[in-house]
*Asks:* 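One structure coming up, written as structure tokens, with questions to follow.
Note that these values count all heavy atoms, side chains included, but never hydrogens, waters or copies made by symmetry. Numbers restart at 1 for each chain; the letters A, B, ... are given by sequence-line order, proteins then strands.
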Amino acid sequence: VIWDTLGNKQFCSFKIRTKTQSFCRNEYSLTGLCNRSSCPLANSQYATIKEEKGQCYLYMKVIERAAFPRRLWERVRLHKNYEKALEQIDENLIYWPRFIRHKCKQRFTKITQYLIRIRKLTLKRQRKLVPLSKKVERREKRREEKALIAAQLDNAIEKELLERLKQDTYGDIYNFPIHAFDKALEQQEADSDSSVAEEKDDEEDEEDVGKREFVEDDEVDESDISDFEDMDKLDASGDEDQDDKYSSEEEEKAVDTKHNGKAPLKGPWRRKKAYVEIEYELETEPEAKAKTT
Amino acid sequence: MAKAGDKIGGSGNKGLKRKAATEERQEAAVAEDGTTESGVQPSKAAAFPPGFSVSEIKNKQRRHLMFTRWKQQQRKEKLAAKKKLKKEREALGDKAPPKPIPKTIDNQRVYDETTVDPNDEEVAYDEATDEFASYFNRQTSPKILITTSDRPHGRTVRLCEQLSTVIPNSHVYYRRGLALKKIIPQCISRDFTDLIVINEDRKIPNGLILSHLPNGPTAHFKMSSVRLRKEIKRRGKEPTEHIPEIILNNFTTRLGHSVGRMFASLFPHNPQFTGRQVATFHNQRDYIFFRFHRYIFKSEKKVGIQELGPRFTLKLRSLQKGTFDSKYGEYEWVHKVCAYSKKSHLENFKRME
């Protein structure tokens with residue numbers, strides 16, 4: 001009767017239809033399918049296996065209790081041991097139709113198998129899913145971009161590397177023996193040198209003026225009288241001295257710009273070099289001197 | 001009123017509304033030369049009376065209009081103020097007060113007490129006795145194991161390979177479902193000093209777990225903007241086998257200091273300067289940027305750097321005392337997400353509230 005009303009063609013609230021099959025959503029259903037033989041509503045004598053918190057129970061419904069909905073389903077707790085539980089099912093459902101007995105045992109088997117699997121999986125590593133908050137992610141992304149801009153990484157790295165170079169952590173690898181500090185020192189020396197040199201030049205010019213006279217007198221007096229070349233040379237040397245001072249100044253400046261990466265002993269050495277280059281300035285002055293003399 | 005009757009202009013409706021609006025505003029207000037002739041041109045000298053708020057107009061269109069006009073006026077005033085200031089500065093010439101420094105987040109920070117002072121005795125003592133002491137005393141040299149989470153995808157695999165070229169003395173092993181807790185004792189028995197696990201999600205690497213092995217601290221980072229070698233523009237050739245130098249920037253608080261030491265202990269102590277390679281961990285506002293460069297000194301004041309190698313940014317999420325143990329581990333520091341606090345943990349200042 002019930003199956004005629006609820007059954008295949010009419011409405012049952014537990015029934016779900018898909019294209020090929022229909023399912024029964026009833027919690028006491030033995031198989032999940034909607035059939036005449038496995039509908040818990042349409043069969044007055046019915047049994048199921050249900051599992052609660054790892055415990056399996058056998059639920060039975062008989063027609064004698066159909067009038068008492070509260071006492072309709074009878075519950076038996078099954079043994080934890082698989083075989084003993086099967087025996088329990090057998091003894092409880094002893095004169096019941098084969099179909100229900102069979103299906104109950106099948107369901108019980110499946111349930112125990114998945115319980116075993118759960119227990120095994122909990123012992124293994126669990127993959128924990130941490131929820132990402134979209135807002136937080138967006139905020140953090142934006143802050144990261146801003147931090148990147150504020151960091152100015154390239155500049156920071158370059159600065160750090162130059163610092164390390166200055167503090168001589170690299171030792172002798174690089175051919176910049178003069179570090180910035182020494183270079184500054186040098187420039188200071190150069191400045192002081194050039195100023196000193198200028199002062200000396202002035203003094204020397206004056207001395208030159210005096211000296212020239214003095215030298216000429218000396219050399220005229222001594223053995224170089226006959227040597228006109230020598231006299232020229234002497235005059236020239238006098239002139240050259242003057243020129244030297246100018247040229248040495250120029251050279252100092254030139255040397256300044258040139259010797260960016262050389263040994264610190266430039267000052268006195270420079271003067272030596274200046275002395276060496278005396279000879280190059282011969283050409284211009286001697287004529288004038290010759291004329292005057 | 002003549003104004004009301006004046007309907008010249010293409011924007012008839014708008015003009016009317018504008019006039020109506022201004023008329024409304026001008027009812028109680030001082031008379032201005034506000035509304036000009038045609039409705040097309042917006043009133044130029046619309047002085048907004050004080051106590052007038054744009055948000056009180058119910059009509060959305062009108063409100064929008066008034067807001068745009070208010071904004072224009074503000075901009076004009078600002079421009080005028082700037083020009084005036086500039087003129088004043090020029091007039092004063094040398095006597096002008098120095099230009100005000102713009103405020104940045106890094107400027108505005110309040111000094112944090114947990115800053116590490118390098119001369120502090122306590123800190124020095126701590127350093128001598130913590131887990132990295134043996135490394136810094138040159139007793140142990142680092143040996144790194146790099147691995148990933150289960151089933152790594154292409155990007156992660158390539159990142160692991162590139163990381164292993166960057167970090168000397170490192171090996172990559174793939175995990176096939178092994179539990180971390182089980183591989184840690186194995187690593188210890190094989191003399192590894194550090195373990196790096198790159199976590200992956202949806203085919204991109206997004207997390208990094210750095211664990212110092214003989215019961216050392218474990219740091220868990222969130223990794224973002226990973227760029228593999230081929231994605232870096234203007235990069236140099238492959239990194240060589242030379243041991244790189246390290247630069248650690250801005251790790252100033254206690255927490256930052258310990259994290260910095262963790263990073264330092266990844267690399268061997270004797271950088272080979274002939275290799276001219278440098279690995280940088282730069283901390284800015286709690287984001288640690290990792291870069292790998294090759295440098296060359298063009299003169300004593302100029303250095304050129306060329307980026308090789310992968311780059312990524314890390315953000316510290318948690319620091320654990322012992323080795324990796326997410327459930328029972330003793331957490332030294334955990335990043336709590338707080339919306340409005342801009343405190344930075346690894347750097348020495350926190351932002352003024």
*Asks:* Of all the heavy-atom pairs spanning Thr169(A) and Phe273(B), show the shortest one and how long it is.
*Replies:* O-CE1, 3.5 Å

*Asks:* More than 12 non-hydrogen atoms from neighbouring residues, nucleotides or ligands closer than 6.0 Å to CD on Glu241(B), yes or no?
*Replies:*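 No - once you tally the heavy atoms of other residues, nucleotides and ligands closer than 6.0 Å, there are 12 at most.
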
*Asks:* Is the shortest heavy-atom distance from the side chain of Ile305(B) to the side chain of Leu161(A) under 4.5 Å?
*Replies:* yes

*Asks:* Taking non-hydrogen atoms and a cut-off under 4.5 angstrom, which of residues 144-151 of chain A neighbour chain B?
*Replies:* Glu144(A), Lys146(A), Ala147(A), Leu148(A), Ala150(A), Ala151(A)

*Asks:* Taking all non-hydrogen atoms of both residues into account, name the closest pair between Tyr287(B) and Arg143(A) and its distance.
*Replies:*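 Taking every non-hydrogen atom into account, OH-CB, 3.6 Å.
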
*Asks:* Counting only heavy atoms not in His269(B), do more than 12 fall under 6.0 Å of its NE2?
*Replies:*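 Result for NE2/His269(B): enclosed.
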
*Asks:* Looking at CZ of Phe297(B) and CG of Leu165(A), how far apart are the two atoms once the value is rounded to the nearest 0.5 Å?
*Replies:* 4.5 Å

*Asks:* Using non-hydrogen atoms and a 4.5 Å limit, figure out which bit of Ile157(A) sits close to chain B: side chain, backbone, both or neither.
*Replies:* both

*Asks:* What's the spacing between Glu140(A) CD and His335(B) NE2 if we round to 0.5 Å?
*Replies:* 5.0 Å

*Asks:* Give the member of Lys222(B), Glu245(B), Arg291(B) that has the highest number of heavy-atom pairs under 4.5 Å with chain A.
*Replies:* Glu245(B)

*Asks:* What part of Lys315(B) is in contact with chain A, defined as an atom under 4.5 angstrom from a non-hydrogen atom: side chain, backbone, both or neither?
*Replies:*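 Contact with chain A is through the side chain of Lys315(B) alone.
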
*Asks:* Calculate, to the nearest 0.5 Å, the distance between atoms NE2 and CG belonging to His293(B) and Asp154(A) respectively.
*Replies:*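 The distance works out to 5.5 Å.
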
*Asks:* Above 12 or not: heavy atoms from other molecules or residues under 6.0 Å from CG of Leu123(A)?
*Replies:* yes

*Asks:* Rounded to the nearest 0.5 Å, what's the gap from OG1 on Thr313(B) to NZ on Lys141(A)? Could you check?
*Replies:* 11.5 Å

*Asks:* Start with the C-alpha distance between Ile247(B) and Arg164(A), add both sets of side-chain angles, then the distance that settles side chain to side chain contact (heavy atoms under 4.5 Å, CB included), and finish with yes or no.
*Replies:* CA-CA 10 Å; Ile247(B) 293 181; Arg164(A) 290 191 184 176; 3.7 Å; yes

*Asks:* Is Arg311(B) close to chain A through its backbone or its side chain, or both, or neither, when contacts mean heavy atoms under 4.5 Å?
*Replies:*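 Neither; nothing under 4.5 Å.
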
*Asks:* Checking heavy atoms, do the side chain of Glu163(A), its backbone, both or neither come under 4.5 Å from chain B?
*Replies:*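 When you check distances to chain B, no heavy atom of Glu163(A) falls under 4.5 Å.
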
*Asks:* Could you list all the ring-ring contact (aromatic ring centres under 6.0 Å, His included) pairs where at least one residue sits in residues 129-152 of chain A, not counting sequence neighbours?
*Replies:*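 Listed once each, the pairs would be none.
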
